[in-house]
Each structure stands twice: as C-alpha cells, then as structure tokens.
Amino acid sequence: MLGDPMDMLAAELGVRAEDVRRVRTPRGGVLLGFRCEPGACLDTWRRAREQYRSTGLWPFITHTSPTRWEWAEAPRDRRDGKQGVIATLLESQADELLEEARWFKPPRELQAAARDLEDLARRLTRAVPAAEALARSAESRLASSFVAPPEWICLVPTEDPSGIPELLDAPDTPNHTPFPGREPLSYRDHANVLREWHDRYGAEICYLESHAVLLCVEHPPSDPFETARVAIEHYAYCPDLDQAVGGLPEVASRQVPTGAWFFWWD
C-alpha cells in the first residue's frame with residue numbers, strides 16, 4: 001500500500017511529519033506547508049520540485065503559512081476564450097504600451113510613440129545594449145525583492161502547476177484593470193498567462209504570494225527581437241514592473257533573458 005506522498009516527501013527533505021500544516025481550501029482541495037530555513041528555501045524547493053513526478057505535489061516558496069493564506073472571490077471571467085490572454089492584454093493596452101517608446105534612451109529629443117507593437121519591439125531591441133544584460137538569479141530575486149526573506153514551502157496536489165492561481169486565489173491583482181470596463185485579471189487569466197509561458201519557455205511557479213509571483217524559467221528567449229517582444233508581454237501583464245524592475249528596456253535586459261521572472265503588483 002502506498003504511503004502518504006507528503007509524509008514520504010517530508011522524510012526525504014528531513015522535515016518532521018508533525019511540522020507539516022494541512023489546510024482544506026474553499027475549493028475543496030488541500031494546501032500543505034512547512035517552515036524552511038530562510039536561506040535554504042530555494043534549495044528545498046528544488047529538491048521538492050525534483051520529486052513532483054512521484055508525489056504529484058507542486059512546491060512553491062512563500063511568506064505565508066497555509067493557515068494564514070488569504071482566500072478571495074475570483075473575479076468574473078469576462079472573455080470569450082477565442083483569444084489568448086497575453087494577446088488580449090497586448091491588444092487592450094496597446095496605446096499605453098506604444099507610448100513607452102517615447103522614453104527609450106538615449107533620446108536626442110522627445111521621440112514619437114511606436115506605430116504598432118512590432119515597431120515597439122524593434123525600437124526596444126535598439127534601446128537595450130547587449131552589454132547591459134544582467135543575469136538575475138532566483139536567489140538574488142528572493143534576497144532583494146522583500147523586506148524579509150520567505151520561510152515557508154507550500155505544496156499543492158495538482159496535475160497542472162500553472163493552474164495554481166485558480167486553486168489558491170493568487171496572485172490577487174485588483175488594481176491592474178486592463179480590460180474593457182476596467183475589469184481586473186481573474187485567477188483563470190493568471191493561470192492562462194503562466195500556461196502560455198510554460199509552453200513556450202518552461203516557466204514554472206517558484207514563489208507565490210497574494211501580490212507577487214516568481215517564475216523559474218528553463219529556456220528563456222535569447223534572440224534580441226524575441227526578448228523585446230516578451231518584455232512587452234511582461235509589461236502588459238504587470239505594469240508595476242516599473243517599480244520592481246524598471247521600464248521596458250530594463251525588463252528586456254535584466255529580467256527576460258534570465259531564468260527568474262519576477263512580477264509584483266501594488
């Protein structure tokens with residue numbers, strides 16, 4: 001008879017079974033978690049991630065214990081499903097995105113807005129010197145993005161790790177209202193964005209909180225034009241990157257080419 005996957009994983013990780021918290025979720029699932037040493041959380045996440053195929057438990061690092069997780073009513077899903085979420089985000093925010101080209105440096109004079117998203121990507125490619133690309137690891141993101149380091153590993157039984165936003169009501173981003181009628185992203189929208197990036201680049205949830213998510217990315221884009229296009233996608237998904245990372249040139253040079261994509265909403 002097979003044992004409890006969490007008990008077996010806890011033993012593998014050196015965690016006492018009695019230290020594992022288990023909470024039933026409002027959606028009928030379960031959220032598990034245990035404390036980890038702040039400096040060792042990423043290593044513990046990687047070890048738990050390696051066991052996912054045998055446990056079916058997707059791990060993520062967080063600041064919040066299962067017993068203190070915030071649950072919310074999911075926003076209404078307003079789309080007809082005929083267009084991908086990323087394409088919809090780009091279309092609905094096109095005017096604002098095209099205006100970003102005015103501020104690319106070094107400007108000799110105030111520049112015109114980009115004509116379309118392809119023109120924006122071309123101009124962004126020229127605005128990002130290759131030498132400026134700075135690799136940011138998951139370690140540095142976790143160390144520099146928060147006042148205090150996270151100290152919890154949570155786990156969710158799921159066959160679709162990218163769908164965790166729908167299971168856990170996170171991230172919750174009510175202030176980002178990109179759709180007609182000022183509708184925010186639903187948890188399904190977040191899940192579908194992550195699915196698109198997982199299919200294209202191997203992006204996986206590493207850290208999750210009510211207003212932030214960190215993705216570990218297996219094969220981020222390396223072609224400059226593709227990098228620019230993905231940076232525009234990041235900015236459309238999370239405009240508050242201007243506070244956490246910088247403008248589009250910084251997103252294209254310091255985030256997209258790395259294996260760690262961080263998103264934070266005010």
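- The existence of a salt bridge linking Glu204 and Arg195 is excluded, since no basic side-chain nitrogen approaches an acidic carboxylate oxygen closer than 4.0 Å.
- Heavy atoms from other residues, nucleotides or ligands lying under 6.0 Å from CD of Glu18 number more than 12.
- One finds a salt bridge joining Arg16 and Asp19 here, because a Lys/Arg side-chain nitrogen approaches an Asp/Glu carboxylate oxygen to under 4.0 Å.
- Distance check: Leu31 CG to Leu167 CG gives 10.0 Å after rounding to the nearest 0.5 Å.
- Inter-residue side-chain proximity for Gln255 and Leu241 is flagged as met; some heavy-atom pair is nearer than 4.5 Å.
- In this structure, a donor-acceptor pair under 3.5 Å is present between the side chains of Glu209 and Thr64.
- Looking at Glu118 and Arg229, a side-chain N of the basic residue comes within less than 4.0 Å of a carboxylate O on the acidic one, giving a salt bridge.
- Using a 3.5 Å distance cut-off with no hydrogens or angles, the side chains of Tyr235 and Glu96 do not pair a donor with an acceptor.
- Between Glu233 and Arg200 there is a salt bridge, with a side-chain nitrogen of the basic residue lying less than 4.0 Å from a carboxylate oxygen of the acidic one.
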Margin query: Walk me through whether Phe60 and Cys206 qualify under side-chain contact (heavy atoms from CB on, under 4.5 Å).
Written below: CA-CA 5 Å; Phe60 62 90; Cys206 174; over 6 Å; no
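- Within the 4.5 Å cutoff, no side-chain heavy atoms of Pro150 are placed close to those of Thr62.
- Under the 3.5 Å distance criterion, with hydrogens and angles disregarded, a donor-acceptor pair is assigned to the side chains of Tyr207 and His63.
- Between Phe34 atom CZ and Arg21 atom CZ the span is 12.5 Å, to the nearest 0.5 Å.
- No continuous path of ILVMFWY side-chain contacts below 4.5 Å connects Val23 to Val15, so the two sit in separate hydrophobic clusters.
- Of the possible donor and acceptor atoms, none in the side chain of Trp261 sits under 3.5 Å from a partner among the backbone N and O of Leu214.
- In this structure, Leu248 is not a member of the same hydrophobic cluster as Phe225, with clusters built from ILVMFWY side-chain heavy atoms closer than 4.5 Å.
- Shown here is Arg68, whose CZ atom has no more than 12 heavy atoms of other residues, nucleotides or ligands within 6.0 Å.
- Note that the CG atom of Leu185 and the CG atom of Asn192 stand 10.5 Å from one another [nearest 0.5 Å].
- Here the straight-line distance linking atom CH2 of Trp69 with atom CG of Leu168 works out to 5.5 Å at 0.5 Å rounding.
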Item checked: Derivation of the side-chain contact (heavy atoms from CB on, under 4.5 Å) call for His211 and Thr173 -> CA-CA 6 Å; His211 295 97; Thr173 56; 5.6 Å; no
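- For the atom pair Ile153 CD1 and Leu42 CG, the distance stands at 8.0 Å (nearest 0.5 Å).
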Margin query: Under the criterion side-chain hydrogen bond (donor to acceptor under 3.5 Å, both in side chains), I'd like the reasoning laid out for Tyr237 against His176: C-alpha separation, chi angles, the key distance, then a yes or no.
Written below: CA-CA 9 Å; Tyr237 177 54; His176 182 28; over 6 Å; no
Check: Going through the checks in order, is the side-chain contact (heavy atoms from CB on, under 4.5 Å) test met by Asp189 and Phe179?
Finding: CA-CA 11 Å; Asp189 289 330; Phe179 301 115; 3.7 Å; yes
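- Formation of a donor-acceptor pair under 3.5 Å by the Trp58 side chain with backbone atoms of Ser162 is not found in this model.
- Glu50 has no carboxylate O lying under 4.0 Å from a charged side-chain N of Arg47, or vice versa, which leaves the two without a salt bridge.
- Between the side chain of Ser92 and the backbone N or O of Pro178, at least one donor-acceptor pair lies under 3.5 Å.
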Check: Hey, mind stepping through Glu218 and Arg49 against salt bridge (charged side-chain N to carboxylate O under 4.0 Å, His left out) and telling me if it holds?
Finding: CA-CA 13 Å; Glu218 184 178 5; Arg49 165 68 183 86; over 6 Å; no
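- With Arg122 contributing its side chain and Arg126 its backbone, the two residues share no donor-acceptor pair below 3.5 Å.
- With hydrogens and angles ignored, the 3.5 Å screen pairs no side-chain donor or acceptor of Trp152 with any backbone N or O of Ile61.
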